[in-house]
Amino acid sequence: MTQLVVQSVVKRFGKQTVLNAFDLEVAKGEFVALLGPSGCGKSTLLRIIAGLETPSSGDIVINGRVVTGLPPEMRNIALMFQSYALLPHLSVLENVRFPLRMRSQASRAEQERRAHDALALVQLDQFTERYPRQLSGGQQQRVALARSIVAEPDLLLLDEPLSNLDARLREDMQIELKRLHETLGLTTIFVTHDQDEALALADTVILMNGGRVEQRGAPEELYGQPRTEFAADFLGGANILELEVVRRGDVLMGLFPEGSEVELQKSDGLEPGARKFMLRKEAISLAPDTEMATLAASIETQNYLGSQTRSLVRAGGLALVAVTDPVSAKSKARDLRIGWRPKDLIPLTS
Amino acid sequence: MTAATPGFVKLLSITFVLAIAVYMLVPLIVVIASSLSTSQFLVFPPPGFSLRWYTEVFNSDAYLSAGWTSLKLALFTVAASVALGTPAAIALSRFRFPGRSFLSAIFLSPLLLPSLIFAIGLLIVFSRYGDGPSLTGLVIGHTVITLPYVIRTVSANLIDMDPHLDEAARIMGARWWQRYLLVILPQCRTGMAAGAFFAFNISFDDAVIALFMRAPNVETLPMRIYSTLEFSPDPSVAAVSTIMILLTIFMVLLLDRIFGLSKIA
């Protein structure tokens, strides 16, 4: 069942078009990430879904009902702000009870019980009488989260949910958010500029660029099969290779600037001519096996990163970055052969 | 570590700060000491210690009724300036409308213009359109000079407020009046308290406007002190002043107790 439809939404601020005929459908219970660089329109889209901004044209449909002209207080949604926006003069329990109180759902005792339950769900039920300023950043975020789920909204919107936390807490919170989503099954949309966050949390990642969808798909799909240079680069960073595709009999070969060639895997639309390819850093092997396409290379420099080693290699006239396990990177001769599976060299459309 | 500031410069600046403190506190000490005098006259240093002038003050109908008038005046002024200044500050901080910066400047003008000018203006207006000076006239006059303080202190609160609170409340289902009452107004509490404190002190202390707006049956404490000084100066004036100082100190402590001074100043 479809929980949210964004129907050719356009948003202009003055002369600037922030969203350009944007379409989106989100199924009930789906966990969607709106991913993109700043200025791509992802926050504006979230605010339009919430009702805090009105689209210049187009419609928002939540749960089968057109809500485009409806103010946020009349939509049954929750939005967790980046700043958490806890009410500083109210206790934790009162903060969490606030949405129920405003919507006059149930009796006061029942509201308090539900607020308690929501706090228990984020493991904060021992702090009910504290005030927001007495809590750490991570705890404040849990309160904001409890407050967002307490009224069982049709949609849970999260604005950069993890960006205010330090690295360690962020990891905990990723696990927490995923667990909460699996427990409650709330349709969730979150905005992020952090590709790790999007990959770690979402069922579906919507990569946005310049007010439109660059590519949408499951995290594995977006990471594994990016269609454009932007997608390849934004998700994880990658080696972008400009090769000349040439036909040799019935196989296509990729010609490197210095003249060496590697066999290319057949794919739709791959034709002779100049073409950009993506090669993930971790797809490059410093000890290639027989199934790999190989190339003579030399290691220019290496960075030891703990669980991995990053090597800058020069091959075929191009500088490539390879990320491998430290053992295979260690004690490598400066001149060697590198390789990758042909399917990992992915043609891009520009 | 090497000291960033040479020792003698530090010493000099500390001495300077101390000198300022002494300069500010000496008049208060002189007043308090004089109030405990045995002398008939206002002299310093006092020849001996006694509390007789305090007894005198508390037995004087003139002082007591002036004190009562001043207290009423100050409380009405506080009520009026907080009631008007808080919504004004909220409107100025939340809405962008033509003439907004002009209005901001107008609201601050009593801080900048001498109160003497206001006093003259008020007197003319009240003589022309009202039935002359009265307690109501004084309340209005004091409200005009205390409003800027309330607008200032409440505005400071609103600047500190998380700009997303209002939107978060909307998302949680709060209607516009619920957001004003339950979200925005509570964020103004410390500013309202600080503004009220300033308004009380200014009103309780004011002699200029009170002098111009003096009505036959309205005498405030500062006016009483002034006329006593003029016609029969004795240490009772110092005793009343000391009581006013203690009242201020008490209010500062009270505010600190409730809100914490660091949030207000």
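Naming convention: chains lettered A, B, ... in sequence-line order (proteins, then strands); numbering from 1 in each chain. Since the structure is predicted, the reported quantities are computational estimates derived from the model, not experimental observations. All values below come from the heavy atoms of this structure, side chains included, with hydrogens, waters and symmetry mates left out.
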Count the heavy atoms of every other residue, nucleotide or ligand shown that sit under 6.0 Å from [atom1] of [X], and state whether that count exceeds 12.
{"X": "Arg12(A)", "atom1": "CZ", "answer": "no"}
{"X": "Phe95(B)", "atom1": "CZ", "answer": "yes"}
{"X": "Arg170(A)", "atom1": "CZ", "answer": "yes"}
{"X": "Phe102(B)", "atom1": "CZ", "answer": "no"}
{"X": "Arg175(B)", "atom1": "CZ", "answer": "no"}
{"X": "Met24(B)", "atom1": "CE", "answer": "no"}
{"X": "Phe16(B)", "atom1": "CZ", "answer": "no"}
{"X": "Phe127(A)", "atom1": "CZ", "answer": "yes"}

>> Once rounded to the nearest 0.5 Å, what's the spacing between atom CD1 of Ile171(B) and atom CG of Asn76(A)?
In response: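 Between atom CD1 of Ile171(B) and atom CG of Asn76(A) there are 11.0 Å.
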>> I need the Arg97(A) CZ to Met172(B) CE distance, nearest 0.5 Å.
In response: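 Interatomic distance, Arg97(A) CZ to Met172(B) CE, rounded to 0.5 Å: 12.5 Å.
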>> For chain B, which candidate among Gln82(A), Arg101(A), Arg75(A), Arg147(A) shows the most heavy-atom pairs at distances under 4.5 Å?
In response: Arg147(A)
Measure distances from [X] to the heavy atoms of chain B and classify the residue's part below 4.5 Å as side chain, backbone, both or neither.
{"X": "Met80(A)", "answer": "neither"}
{"X": "Leu86(A)", "answer": "backbone"}
{"X": "Leu52(A)", "answer": "side chain"}
{"X": "Ala50(A)", "answer": "both"}

Min side-chain heavy-atom separation [X]-[Y] under 4.5 Å:
{"X": "Glu73(A)", "Y": "Gln178(B)", "result": "no"}
{"X": "Pro88(A)", "Y": "Leu165(B)", "result": "yes"}
{"X": "Pro72(A)", "Y": "Glu167(B)", "result": "no"}

> Where is the tightest heavy-atom contact between Met102(A) and Ala174(B), given as atom of each residue plus distance?
Replying inline: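 Closest pair (atom of Met102(A), atom of Ala174(B), distance): SD-CB, 3.6 Å.
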